[in-house]
> 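Take this structure first; my questions come after.
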Amino acid sequence: MNAYAPILVLGALGAGFAIFSVVMATLIGPKRYNRAKLEAYECGIEPTPMPAGGGRFPIKYYLTAMLFIVFDIEIVFLYPWAVTFDSLGIFGLVEMLLFVLTVFVAYAYVWRRGGLEWD
């Protein structure tokens with residue numbers, strides 16, 4: 001338990017600071033409410049009512065999210081591979097080529113579906 005004591009102390013300090021900041025901002029912060037502050041923020045666009053079952057999102061939304069995830073995962077795996085490249089040898093090179101090929105397939109799918117076209 002002694003090994004985890006510094007982590008617990010740091011977590012308690014962080015939580016204490018967060019709670020203290022929120023409480024103090026509520027107590028001593030300005031309280032000038034008006035109609036514009038109480039409305040939902042929509043970047044200057046008037047919000048439109050949604051249908052009862054929710055709305056349909058265009059496919060470009062999902063393709064953009066998938067593209068982000070694909071490249072994010074690629075970077076997460078490429079960085080440690082680059083750091084230990086010398087010690088991995090030919091096995092590491094082949095595995096990374098297979099991984100990059102898999103990522104390329106996902107990239108080609110997004111490209112084919114029009115996810116890279118910004119209208």
Side-chain angles (χ1 to χ4, degrees):
M1 188 64 180
N2 287 338
Y4 296 110
I7 296 172
L8 292 174
V9 169
L10 185 62
L13 281 174
F17 178 73
I19 292 169
F20 174 77
S21 297
V22 170
V23 169
M24 291 309 291
T26 304
L27 292 177
I28 63 174
K31 294 168 182 59
R32 294 180 294 250
Y33 299 109
N34 58 31
R35 184 173 174 230
K37 282 187 179 182
L38 296 177
E39 288 185 7
Y41 178 68
E42 295 289 337
C43 300
I45 300 171
E46 290 294 322
T48 57
M50 292 290 288
R56 291 178 56 118
F57 287 100
I59 189 69
K60 288 189 182 288
Y61 174 79
Y62 297 107
L63 290 175
T64 304
M66 184 169 54
L67 188 66
F68 172 77
I69 290 170
V70 164
F71 286 114
D72 194 40
I73 290 172
E74 183 180 14
I75 294 301
V76 165
F77 284 118
L78 276 175
Y79 183 74
W81 173 78
V83 170
T84 61
F85 176 71
D86 290 336
S87 64
L88 293 176
I90 192 74
F91 174 75
L93 181 63
V94 170
E95 289 297 320
M96 189 49 67
L97 286 175
L98 289 173
F99 175 70
V100 169
L101 180 69
T102 306
V103 168
F104 180 73
V105 168
Y107 175 71
Y109 174 76
V110 170
W111 187 3
R112 185 107 163 114
R113 296 289 298 196
L116 301 176
E117 297 171 9
W118 302 104
D119 299 330

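In this chain, residues are counted from 1 in sequence order.
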> Please report the interatomic distance CG(D72) to CG(L67), rounded to the nearest 0.5 Å.
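So the CG of D72 and the CG of L67 are separated by 11.0 Å.
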> For residues 22-35, which residue pairs qualify under salt bridge (Lys or Arg N to Asp or Glu O under 4.0 Å), counting only residues two or more places apart or in two chains?
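Only R35-E39 qualify under salt bridge (Lys or Arg N to Asp or Glu O under 4.0 Å).
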> If Ile, Leu, Val, Met, Phe, Trp and Tyr residues are connected whenever their side-chain heavy atoms lie under 4.5 Å apart, and connections chain through other members, are L98 and Y109 in the same group?
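Linked within one cluster.
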> Report the distance from atom CD of E74 to atom CZ of F104, rounding to the nearest 0.5 Å.
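Going from the CD atom of E74 to the CZ atom of F104 covers 11.5 Å.
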> List the atom of F85, the atom of L93, and the distance in Å for their closest heavy-atom pair.
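Where F85 meets L93 most closely, the heavy atoms are CE1-CD1, 4.3 Å.
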> Side-chain heavy atoms nearer than 4.5 Å, only ILVMFWY residues, links allowed to pass through others: does that put I90 and F99 together?
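Hydrophobic grouping puts I90 with F99.
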> Could you work out, with side-chain contact (heavy atoms from CB on, under 4.5 Å) as the rule, every residue matching V9, not counting sequence neighbours?
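Here the qualifying residues are L13.
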> Just verifying a value: how many Å separate Y4 OH and L10 CG, rounded to the nearest 0.5 Å?
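If I round to the nearest 0.5 Å, the distance is 15.5 Å.
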> Is any side-chain heavy atom of I75 less than 4.5 Å from a side-chain heavy atom of F71?
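Sidechains of F71 and I75: no contact.
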> Between F91 and L97, is there a shared hydrophobic cluster once you connect ILVMFWY residues whose side-chain heavy atoms come closer than 4.5 Å?
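The answer is no; the residues belong to distinct hydrophobic clusters.
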> Restricting to side-chain contact (heavy atoms from CB on, under 4.5 Å), what partner residues turn up for W111, sequence neighbours left out?
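Partners of W111 by the side-chain contact (heavy atoms from CB on, under 4.5 Å) criterion, ordered by chain and then number, come out as Y107, L116.
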> Starting from F68, can I reach V70 by hopping between I/L/V/M/F/W/Y residues whose side chains sit under 4.5 Å apart?
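Same cluster.
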> Answer yes if V83 and V100 sit in the same cluster of Ile, Leu, Val, Met, Phe, Trp and Tyr residues linked by side chain heavy atoms under 4.5 Å apart, and no otherwise.
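As far as the 4.5 Å side-chain criterion goes, V100 and V83 are not connected within one cluster.
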